[in-house]
Chemist: 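Quick one: this structure, given as structure tokens, is what I'll be asking you about.
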Amino acid sequence: MASTQHGTLSSSGGPITRPSVIQLVFREKGALYAAYIPLFAEGGLFVPTSRDYRLGDDIYLLLSLPDDPQRYPVAGKVAWVTPANASGGRTQGVGVRFPNEEKMRALRVKIEELLGTSIQSSKPTQTI
């Protein structure tokens with residue numbers, strides 16, 4: 001499972017409710033596999049969170065990948081919401097679509113290289 005930590009951004013120094021910053025840390029490839037969304041052309045990730053989001057909301061991730069000391073900033077959009085108490089015991093959270101930009105295409109390639117052939121696996125995931 002990926003670990004998450006929430007924070008907020010504010011240019012005025014005061015607290016705001018949106019957009020939020022979520023630190024998403026993947027320590028193992030299995031957790032990354034369970035969260036990665038290859039169906040999005042730009043790539044994306046499932047983010048476990050109990051915070052309320054709506055489709056199209058901006059969401060900022062600070063992403064850490066297995067065996068990689070670098071943190072990747074992602075300014076994504078909420079593309080789906082899994083509510084609390086979802087059927088099938090699915091984890092509450094949101095699907096975040098990566099933006100269509102060169103840095104994110106490189107990140108998608110990096111994730112897919114990390115996952116290798118497991119990306120075609122039939123193992124269940126948290127995603128669609």
Side-chain angles (χ1 to χ4, degrees):
M1 189 61 145
S3 62
T4 59
Q5 184 176 20
H6 294 271
T8 56
L9 288 176
S10 174
S11 59
S12 65
I16 59 171
T17 56
R18 293 186 201 281
S20 63
V21 177
I22 299 176
Q23 292 186 48
L24 190 59
V25 178
F26 292 100
R27 290 186 173 82
E28 55 193 44
K29 288 181 189 178
L32 181 60
Y33 167 80
Y36 182 62
I37 308 168
L39 295 175
F40 292 160
E42 305 85 9
L45 290 167
F46 175 80
V47 179
T49 180
S50 58
R51 189 174 280 198
D52 287 328
Y53 286 98
R54 288 189 223 106
L55 293 178
D57 281 352
D58 290 322
I59 188 167
Y60 295 92
L61 305 177
L62 282 175
L63 176 62
S64 297
L65 299 174
D67 303 319
D68 186 343
Q70 185 173 344
R71 292 192 334 179
Y72 300 90
V74 177
K77 296 261 186 208
V78 173
W80 99 75
V81 176
T82 302
N85 305 314
S87 64
R90 294 183 89 59
T91 302
Q92 181 180 1
V94 294
V96 176
R97 183 173 31 89
F98 293 169
N100 187 9
E101 53 188 52
E102 192 59 41
K103 284 191 300 188
M104 292 300 103
R105 283 190 284 280
L107 179 59
R108 186 191 81 221
V109 167
K110 184 171 192 59
I111 290 170
E112 290 180 356
E113 285 174 351
L114 262 172
L115 293 176
T117 57
S118 68
I119 206 162
Q120 273 87 36
S121 172
S122 59
K123 289 192 307 189
T125 71
Q126 292 292 336
T127 70
I128 50 179

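For this chain, numbers begin at 1 and follow the sequence in order.
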Chemist: Tell me whether Arg97 contacts the main-chain N or O of Ile37 through its side chain, where contact means a donor paired with an acceptor under 3.5 Å.
Modeler: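 Answer holds: no.
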Chemist: Restricting to non-hydrogen atoms, name the atom on Arg90 and the atom on Thr82 that form the minimum distance, rounded to 0.1 Å.
Modeler: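 Result for this residue pair: CB-CG2, 4.1 Å.
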Chemist: Between CZ of Arg51 and CD1 of Ile22, what distance do you get to the nearest 0.5 Å?
Modeler: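 These two atoms lie 6.5 Å from each other.
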Chemist: What pair of heavy atoms forms the shortest contact from Gly76 to Pro99, and how long is it?
Modeler: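 Smallest interatomic distance, heavy atoms only, reads CA-CD, 4.2 Å.
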Chemist: Going from CG on Leu45 to CZ on Phe40, what distance comes out if it is rounded to the nearest 0.5 angstrom?
Modeler: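 Rounded to the nearest 0.5 Å, the CG-CZ separation comes out at 10.0 Å.
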Chemist: Which pair of non-hydrogen atoms, one from Leu114 and one from Pro66, has the smallest distance, and what is that distance?
Modeler: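 In this case the closest contact between Leu114 and Pro66 is CD1-CD, 4.1 Å.
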Chemist: Looking at Asn100 and Arg105, what are the two nearest heavy atoms and their distance?
Modeler: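 Nearest pair, atom of Asn100 first, then Arg105: OD1-NH1, 2.5 Å.
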Chemist: When rounded to the nearest 0.5 angstrom, what distance separates CG in Leu61 from CD in Gln23?
Modeler: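 Between atom CG of Leu61 and atom CD of Gln23 there are 10.5 Å.
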Chemist: What distance separates Tyr36 OH from Arg108 CZ, expressed to the nearest 0.5 Å?
Modeler: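 Taking OH in Tyr36 and CZ in Arg108, the distance rounds to 6.0 Å.
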Chemist: Where do Thr91 and Phe46 come nearest, in terms of heavy atoms and distance?
Modeler: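 Taking every non-hydrogen atom into account, O-CZ, 3.2 Å.
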Chemist: Taking the side chain as every heavy atom from C-beta outward, state whether Val78 and Arg54 have any pair of such atoms under 4.5 Å apart.
Modeler: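 Val78 does not reach Arg54 side chain to side chain.
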Chemist: Do Lys77 and Asp58 sit within salt-bridge range, that is, some charged N less than 4.0 Å from a carboxylate O?
Modeler: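 Here Lys77 pairs with Asp58 in a salt bridge, since their nearest N and O are under 4.0 Å apart.
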Chemist: Would you give the length of the straight line joining atom CD1 of Ile111 to atom CG of Leu32, rounded to the nearest 0.5 angstrom?
Modeler: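 Here the interatomic distance stands at 5.5 Å.
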Chemist: Here's a test for you: under side chain to side chain contact (heavy atoms under 4.5 Å, CB included), which of Leu65, Val25, Leu62, Leu63 qualifies with Arg71?
Modeler: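 By the side chain to side chain contact (heavy atoms under 4.5 Å, CB included) criterion, Arg71 pairs with just one of Leu65, Val25, Leu62, Leu63: Leu62.
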Chemist: So, do Lys103 and Phe98 sit near enough that their side-chain heavy atoms are less than 4.5 Å apart?
Modeler: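 SC-SC contact between Lys103 and Phe98 ruled out.
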Chemist: Look up atom OG1 in Thr49 and atom CG in Asp52, then write down how far apart they are to the nearest 0.5 Å.
Modeler: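 So the OG1 of Thr49 and the CG of Asp52 are separated by 8.5 Å.
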